[in-house]
Structure formats: structure tokens, C-alpha cells
Amino acid sequence: MAKKNYWLNSLLFLAVLVGSSLQAKKKLDRTSIVEVNDIKPFKKLQRTHTNLLVLFAQSERDASSRFDVLVRVAEEIKGKGTIAYINCGESKETKKLCKKLKASPQPVVLKHYKDGNFNKDYDRKNTVKSMLNFLNDPTGEMPWEEEEGTDDVRHVNTNKEFVKLTTKEKKPIMIMFYAPWCGYCKKLKPDYALAASELKGEAIMAGMDVDTYEGYPIREQYNITGFPTLIYFESGEEKYRYQGKHDKDSLVEWMRNPKEPPPPPPAEKDWSEIDSEVKHLTDDTFKGFLKKKKHVLVMFYAPWCGHCKKAKPEYMDAAKHNADKHQGCLCCC
């Protein structure tokens with residue numbers, strides 16, 4: 001009898017817990033989310049709220065799974081952004097509204113409006129952090145940590161996280177310092193992520209955006225002047241700067257046997273120091289020289305430019321040929 005009462009009491013307790021949970025869900029406060037059901041209120045909302053994220057759903061049931069996250073986002077972004085909701089299946093008016101706004105939720109879709117105009121469909125994770133990142137910079141690049149296939153890269157966002165990683169972690173550490181807009185960084189990211197997956201358990205492959213307010217002190221501390229910069233750390237200190245190829249296999253091989261990169265090749269002579277018939281112009285001599293000559297071909301170049309380096313020997317040969325025939329002058333600047 002006592003055993004029977006025990007099980008009955010346990011079932012009753014479980015029923016109370018389930019009932020309380022369901023009641024808590026029903027009581028979710030959605031007042032921070034603006035519900036819209038007609039075109040005029042929407043147009044006003046669009047006009048007066050310059051950072052607007054709208055949830056379109058086929059039904060209330062389809063939308064319900066998103067409200068928990070959206071309520072928290074709406075509360076945190078208050079004053080800087082607005083969350084709205086349209087139930088496309090609620091009535092004829094809302095169906096027309098969704099059709100007019102070209103919203104076809106399957107079963108839900110999130111659309112962002114900036115400064116009164118449609119910006120883009122929300123295409124990031126359904127988390128508070130991702131949505132807040134998006135609403136704080138709705139036209140910016142997607143953070144690397146939110147891209148597919150980057151789970152094995154350790155993403156460092158603050159100075160505190162950087163210090164903790166470099167001083168507490170016992171495994172070998174490489175950190176890729178990057179800027180979101182950097183084309184070379186974007187090209188390297190997939191291989192870097194693959195290397196992180198292959199080295200999982202052996203080494204830490206981390207990434208840090210240092211083109212931010214939080215990242216700038218690290219950028220200055222380590223004299224990061226170009227992107228990406230890959231630094232190998234031991235015991236909290238920089239040991240090597242990676243100079244190898246930017247592919248997965250090269251990264252993995254080097255991390256399993258890290259070593260100091262070879263010394264850089266000796267600096268090339270300045271072109272003006274090489275004996276040739278090319279006339280080297282400066283800001284001070286450019287205009288005066290051109291006035292004195294009837295025909296002048298000027299090559300504008302940068303010392304680091306590979307195409308320029310390749311063209312220099314041919315350009316010097318052409319300058320000598322012209323000088324021998326007393327023809328026009330070839331110059332560079």
C-alpha cells in the first residue's frame with residue numbers, strides 16, 4: 001500500500017511540474033514585441049523604427065518556438081532596435097499584408113528593415129547572441145564564429161578571453177588575427193577551420209578580430225600591421241610568427257613541428273639606385289621634367305607590386321633602346 005501511495009504521489013508531483021512548465025510558457029510576456037495586422041500600422045512602424053526585425057509566421061503555433069529568444073532580444077535591444085511579429089495566417093488582412101511585403105514563411109521567416117527600407121532576410125543562428133550581433137550591425141559582415149564549420153576554431157572576442165587562453169591553456173596555440181573585411185583572411189578561414197578540426201585535441205587554433213574597439217589594444221601590443229597575422233604562443237608569450245603557406249596541410253604540418261621561420265631575403269635595392277636609362281621622378285621634379293620633353297612615357301609603380309617587378313627589366317631595356325636612338329624618354333614615379 002505504501003509503495004502504491006509513493007508512485008501516486010510521484011505521478012502527481014510530475015503532473016504539477018508539467019502543468020507549471022506549460023503555464024510558464026503561456027505566461028511569456030510578449031509586450032516587448034510589436035504585433036502588426038495591417039499595412040498602415042506596418043508602414044508607420046517601418047517609418048518610425050529604423051532598425052526593425054520582423055517575424056513572419058504561417059500561424060501562431062509556428063511562431064511560438066521563436067518567441068522565447070525574440071522576447072529576450074527585444075528587451076536587450078530596446079532603444080536601438082525593434083522586434084515585430086506578423087501572423088500571416090490569422091486573417092485576410094494579414095495574408096494580404098504578407099503578400100504585399102513578399103513574405104512567404106515556410107513556416108517562419110525573419111526580415112530586417114533599415115531606415116524604412118527592406119535590408120535582408122535574417123540568415124544567422126536562432127540565438128540571442130547572434131540576433132543581437134546582427135541588430136547592432138545589420139549591414140556588417142557575419143561574425144566568423146557564426147559561419148558554418150567553424151566550431152573547432154576558438155573564437156576570442158575580448159582582452160580577458162585572450163589573456164585566459166594564452167596563459168591557462170596547456171596545448172600549443174596559434175591565433176589568427178584578422179579583420180572581417182580582409183579578402184586574404186576570408187580566403188584563409190576555410191583551411192584554418194579544417195586545420196582546427198584535424199588538430200582537435202592536439203592544439204588550439206584560435207581567431208581574433210582585432211579591427212574592433214576590444215581588439216585594438218592587442219593589435220597595438222603585437223604590432224599587427226597586416227591581415228591575417230598568425231602568431232604561435234607558448235606560456236603566454238609570442239614565440240613564432242607563421243610564414244608558411246595558407247592551406248590546411250601546411251598549417252597542420254607546421255603546428256605539429258613549430259619552428260622559427262627562415263630569415264627574410266635581403267631587401268631589394270631601390271630602383272633609383274640601379275644604373276639604367278630610366279629617369280626617376282619625384283613630386284618636386286615631375287612637372288618641370290615633363291615640360292621640357294616632347295614625348296614621355298611614365299610608369300607609376302609601387303616597390304611591393306609583383307607585376308611592376310616583372311615589368312622593370314623590359315622597361316629598362318626599352319629606355320636604353322630609346323636613348324640609343326635619341327627618341328622619347330621613359331620615366332618612372
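The chain is numbered in sequence order, starting from 1.
A donor-acceptor contact shorter than 3.5 Å links the side chain of Thr212 to the backbone of Gly215. Put simply, the side chain of Gln58 gets close to the backbone of Pro105: a donor and an acceptor are under 3.5 Å apart. Of the possible donor and acceptor atoms, one in the side chain of Thr94 sits under 3.5 Å from a partner among the backbone N and O of Asn87. With hydrogens and angles ignored, the 3.5 Å screen pairs a side-chain donor or acceptor of Thr48 with a backbone N or O of Lys44. Put simply, the side chain of Tyr240 never gets that close to the backbone of Gln243: no donor and acceptor are under 3.5 Å apart.
When all heavy atoms of Val71 and Ile33 are compared, the pair lying nearest together is CG2-CD1, 3.7 Å. The minimum heavy-atom distance linking Asp211 with Ala179 is given by the pair CB-CB, 3.8 Å. Taking both residues in full, the closest heavy atoms of Val153 and Ala196 are given as CG2-CB, 3.9 Å, listed atom of the first, atom of the second, then distance. Minimum interatomic distance between Leu110 and Met131 (heavy atoms only, all atoms of both residues): CD1-CE, 3.7 Å. Summarising the geometry of Met316 relative to Ile274, their closest heavy-atom pair is SD-CG2, 4.3 Å, with the distance given to 0.1 Å. Closest approach of Phe162 to Met208, counting heavy atoms only: CD1-SD, 4.2 Å.
Under 3.5 Å, the side chains of Asp284 and Thr282 contain no donor-acceptor pair of N or O atoms. There is a side-chain donor-acceptor pair under 3.5 Å between Asp247 and Ser250. Donor-acceptor pairing under 3.5 Å is recorded for the side chains of Asp62 and Ser59. Judged purely by distance below 3.5 Å, without hydrogens or angles, the side chains of His280 and Asp270 never pair a donor atom with an acceptor atom. Between the side chains of Asn133 and Glu146, at least one donor-acceptor pair of N or O atoms lies under 3.5 Å.
With respect to Leu199, the side chain to side chain contact (heavy atoms under 4.5 Å, CB included) criterion is satisfied by exactly one of Met255, Lys248, Met174: Met255. Between Phe227 and the choices Trp181, Tyr178, Phe177, the ring pair (Phe, Tyr, Trp, His ring centres under 6.0 Å) rule is met once, by Trp181.
Between Tyr113 and Phe42, the two ring planes are perpendicular [angle over 60°; tilted spans 30° to 60°]. Ring geometry for Phe134 versus Tyr122: interplanar angle over 60°, hence perpendicular rather than tilted (30 to 60°). Using a 30° and 60° split on the angle between ring planes, Trp144 and Tyr192 fall in the tilted class, from 30° to 60°.
Residues Tyr85 and Phe56 place their aromatic rings such that the two centres sit no closer than 6.0 Å. Centroid-to-centroid, the aromatic rings of His307 and Tyr301 stay 6.0 Å apart or farther.
Side-chain contact between Ile83 and Val34 is absent, with no heavy-atom pair separated by less than 4.5 Å. Within the 4.5 Å cutoff, the side chain of Thr229 has heavy atoms near those of the Arg241 side chain. Within the 4.5 Å cutoff, no side-chain heavy atoms of Lys111 are placed close to those of Leu52. The side-chain heavy atoms of Thr82 and Ile77, taken from C-beta on, include no pair separated by under 4.5 Å. Within the 4.5 Å cutoff, the side chain of Tyr315 has no heavy atoms near those of the Asp317 side chain.
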Report task. Verify side-chain hydrogen bond (donor to acceptor under 3.5 Å, both in side chains) between Asn136 and Lys80, making sure each step is shown before the conclusion. Result -> CA-CA 8 Å; Asn136 280 311; Lys80 295 189 290 182; 3.3 Å; yes
**Report entry** CA sep, side-chain torsions, deciding dist, call: Asn157, Glu214, side-chain hydrogen bond (donor to acceptor under 3.5 Å, both in side chains)
**Finding:** CA-CA 7 Å; Asn157 297 309; Glu214 284 279 2; over 6 Å; no
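The environment of NZ in Lys309 is crowded: more than 12 heavy-atom neighbours from other residues, nucleotides or ligands sit within 6.0 Å. Within a 6.0 Å sphere centred on CG of Asn257, heavy atoms belonging to other residues, nucleotides or ligands number more than 12.
A salt bridge is absent between Lys96 and Asp38; no separation between the charged side-chain nitrogens and carboxylate oxygens falls under 4.0 Å. Using a cut-off of 4.0 Å between Lys/Arg side-chain N and Asp/Glu carboxylate O, Arg30 and Glu35 are scored as salt-bridged. In this structure, Glu234 pairs ionically with Lys239, as a charged nitrogen and a carboxylate oxygen lie closer than 4.0 Å.
Residue pairs meeting the salt bridge (Lys or Arg N to Asp or Glu O under 4.0 Å) criterion with at least one member in residues 148-171, sequence neighbours excluded, are Asp152-Lys200, Arg154-Glu169, Glu169-Lys171. Counting only residues at least two apart or in different chains, salt bridge (Lys or Arg N to Asp or Glu O under 4.0 Å) contacts with residues 122-132 comprise Lys120-Asp123, Lys129-Glu145.
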